[in-house]
Amino acid sequence: MATYLSRLHHISLHVSNVDKLALDLVSKFQFRVFAARLTAGARQLAFRKGAAVFVVNERPSCGGEALLPGHRNRRVARSHGDDVGPGCVGGILYDVRPHYSVDSACNVCFEVEDVERSSESLRARGCDLLVPPTRVRDDCGLVTYSVVKSVVGNVCHTLVDTSRYRGPFLPGFCDVGTGAEEDPRCPVTHFDHVTYACPRRSTAEVMRWYERNFGFQRFFICRNEDVDEGYMLDRDGIGLRLTAMEYWKCSETGIELPFKDGKDPDCKFVIAESLPEQGRNQVDTFLEQHRGPGIQHIGLFTQDILSTADAMANAGVQFFSPPAAYYTEVGRQQEIEEAGLDPNALMQHGILLDTDLRVNGEDPTSCSKRYLLQVFTKPIFSEDTFFLELIERRGATGFGEGNIRALWRSVQSYMEKDSQEHSNIKSKQTGQH
Ligand SMILES: O=C(O)C(=O)Cc1ccc(O)cc1
Ligand SMILES: [Fe+2]
């Protein structure tokens, strides 16, 4: 039996400069820092927007962790079944310190009911358990966690059971909430999806790993998608294979969940692989600059993409725009207006609209339109690697073909046209560090 994941708990990023990313998350992306763990050997900050939580960890800039104070303590912390008082632990908690030379989003942490049982069954299935079940406690209670290595590049999954913990986040983190209200202009509620960039011909193995170990289920992005090949975009300059999976179906769990309609918002996982025919592309660039497969982007679900993009852009977030012709294509203005939106407002921030026509029930003459609105931010680290996406779903639950093409083009045209200028800027930035 695969391990049952209750929900996504947080996603962690490992960066060389926590302060820079913290500033971006707070001042540009409107996240709020709410918990921190600052010890001699670890800097870990937690940021929240709705149910979307990022933990930002500082990675050593050189030499690896042997140089860090607290290293010996960390070993003690990791022995099976130890109770760890977080005050005495210098090293990083709830994750492994990645031996990685570039900034990276590389841990998707899941809440599970029984860390010990889940870890044991993952180990029995041949998974690489990087941290065995470990208990951490403070005045607010107890948490158990373990860390398992994913089959995708440097990605790991922390499994955590917080059912016996009452504090603001996790033991060892102190509350640094400022008490500020959420910005109503940015109604981001949760992580919508995580997209992996993977090498050619690796999708099937990745899918099998997640099916077998976490019970993920494949879902089709498009009706004409091939079961074995996935959704292939291999014409018009696009060379992309996409395959999508979700980690559970709400309807099948039969469990009462705390969200509004009784369903936790589920986070989907998308595997992106580049196809060779159309030349070098954004997935190849990711693999090269990230130095291996990993999380390429994360979709933030917003209830209002226009006001979110507007507020974020005013705060300095840069978005990719599709080629200008996108908004003047035949029928596009009408499509946007029919969705009750202003074409100029969408164009201002490069927001894309996809329409999905659904037959209502048995009656083929009764159709309703479902809309999907998306925009990609420019990469948030100094390499052309990880970025965020805003996504608003008005009834549409999957991904739209039109938007995937336009998203692809919006990134591709930036990479191609600006490659020279961009690499100059990047080398200047790197020089400044
Ligand atoms: O549509 C989405 O949100 C996707 O995540 C699909 C996608 C994946 C990778 C790309 O480089 C471009 C588009
Ligand atoms: Fe996406």
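Order of appearance sets the numbers: ligands from 1, and atoms from 1 within every ligand. Just so you know, residue 1 is the first one in the sequence shown, and it goes up from there.
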Ligand 1 atoms in contact with Ile404 (distance to a heavy atom under 4.0 Å): 1 (O)

Looking only at protein heavy atoms, identify the closest one to atom 10 (C) of ligand 1 and say how far it is in Å. Gln282 OE1, 3.7 Å

Can you confirm if the NZ or CZ of Arg7 lies within 45° of the ring axis of Phe110 and under 6.0 Å from the centre of its six-membered ring? no

Check whether any side-chain N or O of Arg212 sits under 3.5 Å from a backbone N or O of Ala2 as a donor-acceptor pair, and report yes or no. no

dist Arg43:CZ -> Arg37:CZ (nearest 0.5 Å) comes out at 13.0 Å

Element-labelled atoms of ligand 1 that are located less than 4.0 Å from some non-hydrogen atom of Gln374: 1 (O), 2 (C), 3 (O)

Gln374, Lys268, Arg393 screened by side chain to side chain donor-acceptor pair (under 3.5 Å) with Asp192, the one that passes: Arg393

Per-atom contacts of ligand 1 with His297, taking only distances under 4.0 Å to non-hydrogen atoms: 3 (O), 4 (C), 5 (O), 8 (C)

For the Fe ion (ligand 2), what is the closest N, O or S atom on Glu389? OE1

Return the orientation label for the His290 and Phe286 ring planes: parallel under 30°, perpendicular over 60°, tilted otherwise. parallel

Numbered atoms of ligand 1 (with element) below 4.0 Å of Phe399, judged on heavy atoms: 1 (O), 2 (C), 3 (O)

Verify the distance criterion only: is there a donor paired with an acceptor across the side chains of Tyr210 and Tyr196 at less than 3.5 Å? yes

My understanding is that we take every heavy atom of each candidate and find the minimum distance to atom 13 (C) of ligand 1. Doing that for Tyr231, Phe376, Phe387, which one comes out nearest? Phe376

Are any of the N/O atoms in Trp408 less than 3.5 Å from those in ligand 1? no

Residue part near ligand 1, for Leu242, under 4.0 Å between non-hydrogen atoms: side chain

Over 12 foreign heavy atoms within 6.0 Å of CZ, Arg117: no

Just checking, is any N or O donor in the side chain of Glu335 or Thr355 under 3.5 Å from an acceptor N or O on the other one? yes

Answer with yes or no whether Leu407 contacts ligand 1, where contact means a heavy atom under 4.0 Å from a ligand atom. yes

Taking only heavy atoms of Thr195 into account, list the atoms of ligand 1 that are under 4.0 Å away from them. 5 (O), 8 (C)

Atom 9 (C) of ligand 1: nearest protein contact (heavy atom, Å): Gln296 OE1, 3.4 Å

